[in-house]
Participant: 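Below you will find the structure I want to go over with you.
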2 protein chains.
Amino acid sequence: MTSESPTFSPLYRQIKDLMIQALEAGEWQPGQLIPSEQEFALRFGVSQGTVRKAIDELAAENLLVRRQGKGTFVATHQDPRALFRFLRLVPVEGQLSTPESIPLECWRAKAGVEAARMLGLRQGDPIMIVRRLLRFDGKPVVIDEIYLSGEQFKGLTLELLQSWTSSLYSLFEHRFGVRMIRASESIRAVAADRSAAEALKVPEGKPLLSVERVTYTYGDKPVEWRRGLYLTDEHFYLNELN
Amino acid sequence: MTSESPTFSPLYRQIKDLMIQALEAGEWQPGQLIPSEQEFALRFGVSQGTVRKAIDELAAENLLVRRQGKGTFVATHQDPRALFRFLRLVPVEGQLSTPESIPLECWRAKAGVEAARMLGLRQGDPIMIVRRLLRFDGKPVVIDEIYLSGEQFKGLTLELLQSWTSSLYSLFEHRFGVRMIRASESIRAVAADRSAAEALKVPEGKPLLSVERVTYTYGDKPVEWRRGLYLTDEHFYLNELN
DNA sequence: AAGTGGTCTAGACCACGTC
DNA sequence: ACGTGGTCTAGACCACTTT
C-alpha cells in the first residue's frame with residue numbers, strides 16, 4: 001500500500017493532497033458540507049482512521065472546519081470569526097469592535113519590479129491596486145494599499161468594493177474564486193509620510209506600524225501583496241507565540 | 001474510565017494533564033528522554049493510541065519533541081532552533097545571524113501597578129529588572145527591559161547574566177527551573193526617547209517597534225514581562241499567519 | 001536484533017445534531 | 001432513530017536509531 005517513490009509519503013498524506021486538489025478545483029464551495037469520513041474511506045479504499053488523519057491536518061490548517069454531529073465543512077472568510085485571523089488589531093481598552101472598510105481608490109496598473117516579485121508575476125503584467133481605509137468606531141486606524149494579480153481579479157471595481165458589506169477576502173472568495181489560505185507579514189516602524197498622515201489624520205512624521213503582507217492561496221501561490229500603515233495610539237498588533 | 005464530572009474530558013486529555021503536572025514538577029528535566037509510549041500505556045492502563053494522542057498535543061504545543069527511533073524528549077531552550085520561536089526578527093537582506101546579548105544592568109525593585117498586574121503579583125512585591133542590548137553583526141538592534149518575579153529569580157545578578165553564553169530562557173530553565181512555554185506580544189510604533197536613542201545609537205524621535213511581551217510557564221502562569229524597542233532599519237518582525 | 005515512534009486497520013462505543 | 005464526528009482499543013507492520 002505504501003508508495004515506492006523515493007520521497008515516501010504516507011497514505012493519509014496522499015489522501016490529504018487529493019482533497020486539497022479537489023478544494024483547489026472548486027469541487028466543494030466555501031461553507032459547503034463535504035462528504036463524510038466513511039464516504040471518503042469507501043471512495044479511497046482506506047480505513048476511516050486514515051481519512052480522519054488527513055482531515056485532521058486540513059482542519060489544523062484552517063482549510064476545513066469540523067462540527068461534531070453535523071459534518072465537515074469548507075472554511076470560509078464569510079465567517080466573521082475568520083476576519084481577525086488576518087487582522088491582528090486589538091483596542092488598548094474596551095471591547096473588540098468590527099472595523100468599517102472604506103474603499104478609496106481602485107485602478108489598473110502594470111506590475112513594477114517589487115510587485116512582480118511579490119506576486120510571482122513578470123514586470124509589466126497587469127495588476128489591480130486598491131487603496132482603502134479601516135475605521136474603528138468611526139476613527140481611521142489603518143490605511144491599506146493592496147496589489148492583486150490583474151489576471152485573477154479582472155472585474156474588480158471601486159463600485160463593487162463599495163457595495164460589498166463584509167470582508168475583502170469574502171468578496172475575493174465569492175466573486176473571484178480565490179481563497180486566501182495563509183499569509184506572511186513583515187512589520188516595521190516608519191514615520192508617516194504626507195499621504196498616510198492625511199488619511200489617518202495625524203501629523204507627518206508620526207510613528208506608524210508598517211505591515212507588509214503577502215497572502216497565499218492553495219499550493220502556496222502568492223495572490224495578494226499589501227502594505228498597511230497602522231495607527232497604534234488606541235490599538236496594537238497582538239501576536240500569540242506558541 | 002471516563003470522568004463523571006460535569007465538564008467532561010476525554011481520557012487522552014486527562015493523561016495529557018498528568019504529563020503536564022509531571023513536567024511542571026520537574027520529573028524529567030529539559031532535554032531528557034521521557035518514558036516510551038508503551039511504558040505510559042502500561043502505567044496508566046490505557047492503549048498506546050491514547051497515550052499517543054496525549055503526546056501529539058504536547059508536541060504540537062512545543063512541550064515535548066518526538067524523534068523517530070529514539071524516543072520523546074522534553075523540549076529545551078538550549079536548542080538553538082528554539083531561540084527564534086520567540087525572537088521573530090529577520091534581516092531585510094542576508095542570512096539570519098545569531099544575535100549577541102549584552103546585559104547592561106540588573107537590579108532588585110518593588111513591583112509597580114503595571115508590573116504587578118502583568119506578573120500576577122501584588123504591588124510592592126519584590127521583582128528583578130534587567131536591561132540588555134541585542135546586537136546583530138555588531139550593530140545594536142534591540143534594547144530590552146525585562147521584569148521578573150523576585151521570588152523565582154532570587155539569585156539573578158549581572159555577573160551571572162554576563163557569564164551565560166546562550167539564550168536568556170535557557171539560563172532561566174537551567175538555573176531557576178522556570179521554563180517558558182508561550183508568550184503574548186503587543187506591538188506598537190513609538191518614537192525613540194532619549195534612553196532608547198542612546199542605546200541604539202539613533203536620533204531621538206526615530207520610529208521604533210515597541211514589543212511588549214508577557215511570557216507564561218506551565219499552567220498559564222505569567223513569569224516574565226518585557227518591553228523591547230526594535231530598530232527596524234535592517235531587520236523586520238516576521239509573522240506567519242496560518 | 002531490539003526498541004522507539006509512525007502508519008494503518010477493523011471494530012466498538014460515545015457525544016452531538018437533525019429528522 | 002439515524003448519521004456525523006470524537007474517543008478508545010488491540011493488533012499488525014513500517015521506518016528509524018542504537019546495540
Participant: Please list all pairs passing the salt bridge (charged side-chain N to carboxylate O under 4.0 Å, His left out) test where one or both residues lie in residues 170-179 of chain A, with sequence neighbours left out.
Facilitator: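 Sorted pair list: A/E173-A/R179.
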Participant: Once ring-ring contact (aromatic ring centres under 6.0 Å, His included) is applied, what residue pairs with a partner in residues 45-79 of chain B remain, sequence neighbours excluded?
Facilitator: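 For residues 45-79 of chain B, and leaving out neighbouring residues, the ring-ring contact (aromatic ring centres under 6.0 Å, His included) pairs sorted by first residue read B/H77-B/F86, B/H77-B/Y169.
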Participant: If you define the side chain from C-beta out and look only at heavy atoms, does anything of B/L168 sit under 4.5 Å from B/R132?
Facilitator: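 Of all side-chain heavy-atom pairs linking B/R132 with B/L168, at least one is under 4.5 Å.
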Participant: Examine D/dT7: is either OP1 or OP2 under 4.0 Å from a nitrogen or oxygen in the side chain of B/K53? Give yes or no.
Facilitator: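 Answer yes for this pair, as a side-chain N or O of B/K53 is under 4.0 Å from OP1 or OP2.
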Participant: Is there a side-chain contact between A/T50 and the phosphate of C/dT9, meaning an N or O under 4.0 Å from OP1 or OP2?
Facilitator: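 Checking C/dT9 against A/T50, a side-chain N or O does come within under 4.0 Å of OP1 or OP2.
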Participant: Hey, could you give me each pair passing salt bridge (charged side-chain N to carboxylate O under 4.0 Å, His left out) that has a residue in residues 81-95 of chain B? Not counting sequence neighbours.
Facilitator: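 Listed once each, the pairs are B/D79-B/R81.
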Participant: Please enumerate all protein N or O atoms sitting under 3.5 Å from an N or O of nucleotides 2-5 of chain C, with distances to 0.1 Å.
Facilitator:
residue : atom : partner : partner atom : Å
C/dG3   : N2   : B/G69   : O            : 3.0
C/dT4   : O2   : B/G69   : N            : 3.4
C/dG5   : OP1  : B/T72   : OG1          : 3.3
C/dG5   : OP2  : B/E37   : N            : 3.0

Participant: Output side-chain donor-acceptor pairs under 3.5 Å for residues 37-45 of chain A, partner residues at least two apart or in another chain, one line each.
Facilitator:
residue : atom : partner : partner atom : Å
A/E37   : OE1  : A/Q48   : NE2          : 2.9
A/E37   : OE1  : A/R52   : NH1          : 3.3
A/E37   : OE2  : A/R52   : NH1          : 2.8
A/E37   : OE2  : A/R66   : NH1          : 2.9
A/E39   : OE2  : A/R43   : NH2          : 3.3

Participant: Not counting sequence neighbours, list each pair that qualifies as a salt bridge (charged side-chain N to carboxylate O under 4.0 Å, His left out) and has a residue in residues 20-31 of chain B.
Facilitator: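 Of all non-adjacent pairs touching residues 20-31 of chain B, none passes salt bridge (charged side-chain N to carboxylate O under 4.0 Å, His left out).
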Participant: Without decimals, in angstroms, what is the distance between A/K16 NZ and C/dC8 C1'?
Facilitator: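 Value for this atom pair: 18 Å.
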Participant: Tell me the interatomic distance from B/D56, atom CG, to C/dG6, atom P, rounded to whole angstroms.
Facilitator: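 After rounding, the reported distance stands at 8 Å.
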Participant: Rounded to whole Å, please give me the gap between CZ in A/F73 and P in D/dT4.
Facilitator: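 After rounding, the gap between these two atoms is 11 Å.
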